[in-house]
Amino acid sequence: MKKTKLKIKETPGKVEQLMPEQHQRKYILRLYITGTTNRSIMAITNLKKICEEYLEGQYDLEVIDLYKNPNLAEGDQIIASPTLIKKLPLPFRRIIGDMSNTENVLLGLDIREVKKS
Amino acid sequence: MNKTASKLAIESLQKSPSGIKGFDEITGGGLPTGRPTLICGGAGCGKTLFGLEFLVRGATQFNEPGILLSFEETIEELTKNVASLGFDLEDLVKNKKIALDYVRVERSEIEETGEYDLEGLFIRLAYAIDSIGAKRVVLDTIESLFAGLPNQLILRAELRRLFRWLKEKGVTAIITGERGDKTFTRQGLEEYVSDCVIMLDHRVTEQTSTRRLRVVKYRGSTHGTNEYPFLIDENGFSVLPVTSLGLNHTVSNKRVSSGITLLDKMLEGKGYYRGSTVLVSGTAGVGKTSIAAHFAEAACKRGERVLYFCFEESPDQLMRNMLSIGIKLEPWVQKGLLQFHATRPTLYGLEMHLAVTHKIVNAFKPDIVILDPVNTFVVSDKEYEVKTMLMRIVDFLKSKNITALFTSLTSGDTSLENSDVGISSLIDTWLLLRDIELSSERNRGMYVLKSRGMANSNQIREFILTDHGVELREVYIGASGGLTGSARVAQEALEDAELLKRKHEIEHKKREIERKRKALESKIATLHADFDSEESEAVKLIKAEQDIIKKLEQDKMEMAISRKAVMEKRAPVNLKKSL
């Protein structure tokens, strides 16, 4: 990611040419869940569905079980569960809930904008 | 306190001492162990600090590690903020005594997409608790969640679960909450945390602010119900359970000198009782402070510790002024036996003054406390409040067996005895200084208005300030009343002259008598001499006569012999008898 940033700095205006479309739009997502509760499972299923539908091949999803890694909660400021963190592209977003409201998930992921552009 | 409190705790409810001065006394041991406590109050009233001190004291004094979950301030901010109060959070964190976690909830970052819970928060808390074995938890304004998370239904349900979970965990928790309009907290947290509710308040009356604390409820325990003033200073929080004192202090029979010999004499020759309260009142410029300074100096000379609160003069000014009457206070300040505290009475409210007094007295542990003067507190007509405050101070000092000397300025136009009636009943020994105007002169007089438990003098003494301190003189009582000042001096001179005259007369008389005695003695001597000479003359005459008689007899005998006549022997004439 640092590399990308550097390139942008070095060659302003030529970003589009230097970076392939998919790479620039790569989604780095992290989903925090708590064990195998209904909400956790629902969140995983719902999110996977959305990602496959809208971001096929453009995303990198990491699922973290807080019960197994409780020390990770502090770093990403997790309070609610499940929480989906969109690290990239910016802006940073956290999407909480079981992802059952697809509209809101898309809004949170800024996918509407992606589609427009 | 500790023993009774712990005994009570076993019987009823276990309590975790907060370590906050005074707070454990009014709650009978501290906060309920293993239960959440709600601390509520307006902005800037010290909620966070209360929580932090609870943690720090717990970690350092009671070996109970603690966790702070802060929703408002970041860790850096918190650490900096409390460093000014003498808490080294970084060190405690390093030693795993305290864990800090800043929970950031940013509304703009969050998108709600269905059902969720706060399990993440629980996990963080549980992780933190387990990592250092925490016994104490502080959630500093959990209400921030309400601003960050839009779904209130979920939030309320989760909060209820959180507090129950805290109870199950057995941690003693403090939850802070902003004060609401009609409720204790804005979001009605008291609904969830109902074991113990403490209200902090920061009130401004007549431009002076006072912090107060009240225990609103405490399930399963008795507690002080009053509003207690509290302080936040460089040593943290201190609550003052000032009204919980009874009238059961033990008294001392020991006496303590006032530093003025004649004044001691007026008080049975021994001075004040140790642990008693002395009031020196009088109009302006009669020497109240001088009496106080004498007392202070005398105490320091005995090696006692003196705490001097001055509300009108700075310590330097006071020491300079006392030098003019020969009282040197500075050496004692340097030796650490005498400590000055100069504050303006308007600096803070009465309660605060009381609180500060408590704190300083507890820290310095003096034998003698001087408040000079007390009535500057009466800025407006809050006389009742001033009285209760002074009563608390008196009670407090008495309970510590500290001798207190208050000075009080009385206005000239009202009766001196009346103007101090507010506090007179609290006072054990009351010295009244007044000026006596006579023959266009203003002089000072002093008398003991009352002195409990001793046969004090009823005399008015003239009070003179000299370059070697205060002197008391007998007031001349003449036919026209008491005389003071130059009138007294004149009268004394007159008497002295009279006395001298009389002395002279006596001498004179003595000499006269002596002279007479001598004259008499010489007379006797001449008479003796006359008599002696007359006597010897007479003896001579008698001898001569006797000789003549003898000669005549002899002649007769010789004549008879020559006539050869036998003569009858006649009895000789007893010449001596006829003599």
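Chain letters run A, B, ... following the sequence lines, proteins first, then strands; residues in each count from 1.
Ranking A:N104, A:N101, A:I79 against chain B, the residue ahead of the rest is A:I79, based on heavy-atom pairs under 4.5 Å. When each of A:I95, A:I96, A:I78 is scored by its heavy-atom pairs under 4.5 Å with chain B, the top score falls to A:I96. Ranked by heavy-atom pairs under 4.5 Å with chain A, the first of B:D117, B:L118, B:D130 is B:D117.
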Return a table of donor-acceptor pairs under 3.5 angstrom between the side chains of residues 99-106 of chain B and protein atoms on other chains or two or more places apart.
| from | atom 1 | to | atom 2 | distance (Å) |
| --- | --- | --- | --- | --- |
| B:D101 | OD1 | B:R124 | NH2 | 2.9 |
| B:D101 | OD2 | B:R124 | NE | 3.1 |
| B:D101 | OD2 | B:R124 | NH2 | 3.4 |

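The contact between B:L145 and chain A is made entirely by side chain atoms (from C-beta outward), counting heavy-atom distances below 4.5 Å. Residue contact with chain B, scored on non-hydrogen atoms closer than 4.5 Å, involves the side chain of A:R39 exclusively. Neither the backbone nor the side chain of B:L125 comes within contact range of chain A; no heavy atoms are under 4.5 Å apart. Looking at A:S100, both its backbone and its side chain come within 4.5 Å of chain B, counting heavy atoms on both sides. Heavy atoms closer than 4.5 Å to chain B are found nowhere in A:Y32, neither backbone nor side chain.
Tested against B:T113, the residues A:L84, A:V105, A:L47, A:L106 include a single side chain to side chain contact (heavy atoms under 4.5 Å, CB included) partner, A:V105.
Residues B:E115 and A:P82 come closest through the heavy atom pair O-CD, 4.2 Å. Minimum heavy-atom separation, A:P70 to B:Y127: CG-CD1, 3.6 Å.
Here CD of B:E109 is found 8.0 Å from CD1 of A:I85. Values are rounded to the nearest 0.5 Å. The distance from the CD1 atom of B:I123 to the CG atom of A:N69 is 10.0 Å, given to the nearest 0.5 Å. Atom CD of B:E111 is separated from atom OG1 of A:T83 by 13.0 Å, given to the nearest 0.5 angstrom.
When the shell of 6.0 Å around NZ of A:K86 is examined, it contains more than 12 heavy atoms from other residues, nucleotides or ligands. Surrounding CD of B:E77 are more than 12 heavy atoms belonging to other residues, nucleotides or ligands, all under 6.0 Å away.
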